[in-house]
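Basis for what follows: all heavy atoms, side chains included, without hydrogens, waters or symmetry-related copies.
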Amino acid sequence: SNNAAPASTRGRGSQSNSAPPSSTRGTGVQGSRSSSASTASQTQQPQLRGILFPLPTIKPKSQPAANACGSQPKDLSYDHAAEMIRLMSAKAKELNIPICICIRDRHDNLVAHIRMKNALLGSIELSCQKARSSALFPFPSGDFSMSPGIELSNGIISNVRGGLPLITASGASVGSIGVSGAPSGELDEEIAKVAVDMIDFILENYW
């Protein structure tokens with residue numbers, strides 16, 4: 001009776017020291033798996049959000065185009081005219097030809113009108129007739145010789161060379177120049193062209 005414990009006691013002792021019941025083991029495994037899955041889910045979730053739900057790209061609001069109906073060309077000012085007169089007077093002095101210069105805006109309003117010393121008296125009025133031709137019809141005044149009788153329209157305009165329209169690089173007519181006093185209309189036109197070729201620069205830099 002002192003050498004061995006009863007069979008029933010051994011069974012209970014053996015059962016208590018053995019591995020936990022299957023239900024306990026299952027709970028431990030499931031808890032471990034659940035914990036691992038939760039950790040993996042937390043690790044991957046930002047990536048999934050980034051893939052499945054990328055942040056929207058914020059684009060700046062488009063600004064409405066200025067002057068959607070088209071901007072008006074600049075009106076000629078005295079400063080514009082003064083620079084054109086300076087350029088043409090320098091060319092006339094280089095050629096030793098006294099001239100009259102008339103500058104009109106796109107509405108056919110007079111902007112500036114000068115007569116150089118010793119220029120012909122008849123050139124005073126003729127220079128403005130040439131300028132008026134190219135202000136009302138944005139073409140060189142000499143081109144009107146191909147339309148007989150047009151010089152009698154709109155009061156009196158000229159079909160003699162020396163009047164040129166002031167056309168910007170964008171194709172807008174901002175006025176005209178009329179030059180008279182040179183021995184030929186071709187020379188009048190050559191002098192006027194010195195200012196015509198600089199119109200965009202003058203509009204931007206003289207105001």
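You'll find the side chain of Phe137 reaches within 4.5 Å of the side chain of Ile150, heavy atoms only. In this structure the side chain of Ser176 never reaches within 4.5 angstrom of the side chain of Pro138, judged on heavy atoms. Between Val179 and Glu189 there is no side-chain heavy-atom pair separated by less than 4.5 Å. Counting heavy atoms from C-beta on, the side chains of Ser141 and Asn159 never come closer than 4.5 Å. Side-chain contact between Leu110 and Cys102: present, with at least one pair of heavy atoms (C-beta onward) separated by less than 4.5 Å. Inter-residue side-chain proximity for Met116 and Met88 is flagged as unmet; no heavy-atom pair is nearer than 4.5 Å.
The distance from the SG atom of Cys100 to the CD1 atom of Ile124 is 5.0 Å, given to the nearest 0.5 Å. Taken from CG in Leu121 to CG in Leu126, the straight-line distance is 12.5 Å, to the nearest 0.5 Å. Between Ile202 atom CD1 and Asp197 atom CG the span is 10.0 Å, to the nearest 0.5 Å. A distance of 8.0 Å separates CD1 of Ile191 from NZ of Lys91, quoted to the nearest 0.5 Å. The distance from atom CZ of Phe144 to atom CZ of Arg161, rounded to the nearest 0.5 Å, is 13.0 Å. Distance check, rounded to the nearest 0.5 Å: CG of Leu76 to CZ of Arg106 gives 9.0 Å.
When every heavy atom of Gly162 is checked against every heavy atom of Ala192, the shortest pair comes out as O-CB, 4.2 Å. Between Ala182 and Ile99, the shortest heavy-atom distance links the atoms N-CG2, 4.2 Å. The shortest heavy-atom contact between Ser158 and Ser133 is N-OG, 2.7 Å. Across all non-hydrogen atoms, the minimal contact from Ala112 to Ile85 is CB-CD1, 3.8 Å.
Side-chain atoms of Ser89 do not come within 3.5 Å of backbone N or O of Arg86 as any donor-acceptor pair.
Ile101 and Ile199 fall within the same hydrophobic cluster, where Ile, Leu, Val, Met, Phe, Trp and Tyr residues are linked whenever their side-chain heavy atoms come under 4.5 Å apart, directly or through other members. Each of Met146 and Leu164 belongs to its own hydrophobic cluster when Ile, Leu, Val, Met, Phe, Trp and Tyr are linked at side-chain heavy-atom distances under 4.5 angstrom. Ile114 and Tyr78 fall into different hydrophobic clusters, where Ile, Leu, Val, Met, Phe, Trp and Tyr residues are linked whenever their side-chain heavy atoms come under 4.5 Å apart, directly or through other members. Residues Val160 and Phe139 do not share a hydrophobic cluster, defined by chaining ILVMFWY side chains whose heavy atoms lie under 4.5 Å apart. In terms of hydrophobic clustering, with Ile, Leu, Val, Met, Phe, Trp and Tyr side chains grouped at heavy-atom distances under 4.5 Å, Ile167 and Met198 are assigned to different clusters.
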For a side-chain contact (heavy atoms from CB on, under 4.5 Å) check, start with the C-alpha distance between Val174 and Asp105, then their side-chain angles and the critical distance, and finish with the verdict. CA-CA 6 Å; Val174 296; Asp105 67 13; over 6 Å; no
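Pairs of residues two or more places apart, or lying in two chains, that qualify as side chain to side chain donor-acceptor pair (under 3.5 Å) and include a residue from residues 117-132 are Asp108-Arg132, His113-Ser127, Ser123-Ser180, Lys130-Asp188.
Evaluated for a side chain to side chain contact (heavy atoms under 4.5 Å, CB included) with Ile177, the options Lys193, Arg104, Met84 yield exactly one hit, Met84.
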